[in-house]
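In what follows, a single structure is set out as structure tokens and then discussed.
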Amino acid sequence: MADKPTKGLADVVAASTALSDIDGKAGLLFYRGYDIHDLAGRTTFEETAHLLQHGTLPNRDQLADYGAELVRGRALGSLVEQNVVEIAEKQEPMEALRTLLSLTSADDPDKDSNAADANLRKAARLTALQPILVARFHAARRGVEAPEPDPDKSIAANFLRQITGKEPTPREVEIFDECLVLHADHTMNASTFAARVCAATLSDMHSAVVAAIGTLKGPLHGGANEQVMRTLEMIDPAGVADAVRAKLAGGEKIMGFGHRVYKTEDPRATHLRRLSEELGEASGDDTYYRMSKEMEEVVFAEKGLYPNVDFYAATVYHFLGIPTDLFTPVFSVSRMAGWTAHVIEQHADNRLIRPDSEYIGAREQKWVHIDER
Ligand code: ACO
């Protein structure tokens, strides 16, 4: 008979990883031993993806090679080209992303191989492809052509230009790039766990990241950033405290607060709060930033909960001109770096992930013929 389960697998160590580490009491996050506070604002998303997938921060030559691989990896396959318009008509953004990403395996020459070199090539292609898929989806649903990505520009610069249709300022690119770095990996979060469970059956990287995208979509995980913005849009700026208290009194969870692992401030929220403040001031209307600050104070006073990564990411993306329903796809664009690195790690030292369950159903049932039920 199985032991009593830990509900939600809280505190259960499900895998060994050299990719990221969290100290939930101290509020620290490390990517391969580097403190996120040292990486944020100093290391680009491309360098961070290389760190996670290849194991080291790249030198200039390695970064140039990896950058060239990313540029080559942007080519969309024929299945995406043929279907993106209909998908954009009929599916919501995360649903569409799940479908589009799945279609890309058809044109991947390494799709059937889990070998280390094939996995590294696929990791780069998936990291490069995903922002283009989001941009193509967004263009298709508006009936316009997405601007071509510029091979000399970063993922952050191209994405902002493709989504907003405007040339972002250098500072906007830096800020968005920092957001991508902050979301790139986070130990055994739900979507990464889903990716590893899939990979551990010796299924392929595309299947694993499709499982991860489906898992990220939920409002208790990546979907929270969109819900944060929807909440801010619904609340009267003069009535933030009352609105939060009313939600709590009604037993509602406040999106963007609380975390399974952090018992103090999420270190990513520290950076995102600063970026939200900067962009709010620069926009000339920092209402949403000020409302967020007030929400943070009220939720802490009422429940002792801290904002998580999704809370201030919402206003940062809003101030950058990203449509609210693309916030979770943006999270996915970043987390692809971590998911793919976890699949590489899982395949390198694999064992099927197959936990047990505690049976709580009826026992000793007597079968009766269908005519007698
Ligand atoms: N608002 C109000 N109360 C909350 C919140 C919240 N955001 N988060 C937790 N609580 C309360 C719960 O109601 C519960 O109270 P109780 O013990 O009186 O019933 C207690 O704190 C523990 O909450 P759980 O949901 O059991 O904690 P768990 O570790 O399972 O969940 C989670 C963590 C899912 C992040 C939770 O805090 C939550 O739902 N937050 C809102 C959604 C969100 O922001 N998700 C993004 C997380 S970050 C990420 O995935 C990228």
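Nothing fancy with the numbering, it's 1 onward along the sequence. Each ligand, and each atom within it, is numbered from 1 in the order the structure gives.
There is no protein heavy atom closer than 4.0 angstrom to atom 18 (O) of ligand 1. By the definition of a contact as any protein heavy atom under 4.0 Å away, atom 14 (C) of ligand 1 is not in contact. Using a 4.0 Å threshold on non-hydrogen atoms, atom 50 (O) of ligand 1 counts as touching the protein. In this structure, atom 22 (C) of ligand 1 has its sub-4.0 angstrom surroundings free of protein heavy atoms. At least one protein heavy atom sits closer than 4.0 Å to atom 25 (O) of ligand 1.
At a 4.0 Å heavy-atom cut-off, ligand 1 does not touch N189 at all. Contacts between L248 and ligand 1, counted as non-hydrogen atom pairs separated by less than 4.0 Å, involve the side chain only. Only the backbone of P219 comes within 4.0 Å of ligand 1, counting heavy atoms alone; no side-chain atom from C-beta on gets that close. Only the side chain of K303 comes within contact range of ligand 1, with a heavy atom under 4.0 Å; no backbone atom does.
Minimum interatomic distance between A199 and Q346 (heavy atoms only, all atoms of both residues): CB-CG, 4.1 Å. Closest approach of K25 and T264 over heavy atoms only: O-CG2, 3.1 Å. In this structure, Y31 and S20 approach most closely via the heavy-atom pair CD2-CB, 4.1 Å.
Close approach to V309 involves these atoms of ligand 1, each under 4.0 Å from a residue heavy atom: 51 (C). For ligand 1, the atoms closer than 4.0 angstrom to any heavy atom of R260 are 28 (P), 29 (O), 30 (O), 33 (C). Every atom of ligand 1 is numbered from 1 in the order shown, and the set under 4.0 Å from a heavy atom of A224 is 43 (C), 44 (O), 45 (N), 46 (C). Counting the atoms of ligand 1 from 1 in the order shown, those under 4.0 Å from a heavy atom of F331 are 51 (C). Numbered from 1 in the order shown, with element, the atoms of ligand 1 that lie under 4.0 Å from a heavy atom of G256 read 43 (C), 44 (O). Counting the atoms of ligand 1 from 1 in the order shown, those under 4.0 Å from a heavy atom of L305 are 1 (N), 2 (C), 3 (N), 4 (C), 5 (C), 6 (C), 8 (N), 10 (N). The D310 neighbourhood of ligand 1 comprises atoms 46 (C), 48 (S), 49 (C), 51 (C), with distances under 4.0 Å to a heavy atom of that residue.
The distance between the ring centers of H271 and Y312 does not fall below 6.0 angstrom. The aromatic ring centroids of Y306 and Y262 lie 6.0 Å or more from each other. If you look at H221 and H186, their ring centroids are not closer than 6.0 Å.
None of R274, H183, R42 except one satisfies the side chain to side chain donor-acceptor pair (under 3.5 Å) rule with E178; the exception is R274.
For K253, there are no side-chain hydrogen bond (donor to acceptor under 3.5 Å, both in side chains) partners, not counting sequence neighbours.
Residues T315 and S276 have side chains that bring a donor and an acceptor to within less than 3.5 angstrom of each other. Residues R141 and H138 bring a donor and an acceptor atom of their side chains to less than 3.5 Å of each other. Side-chain contact annotation: Q53 with T127, donor-acceptor N/O pair under 3.5 Å present.
For the residues V228, I254, V261, L220, the heavy atom positioned nearest atom 7 (N) of ligand 1 is part of I254.
By the 3.5 Å distance cut-off applied to N or O atoms, H221 is counted among the residues near ligand 1.
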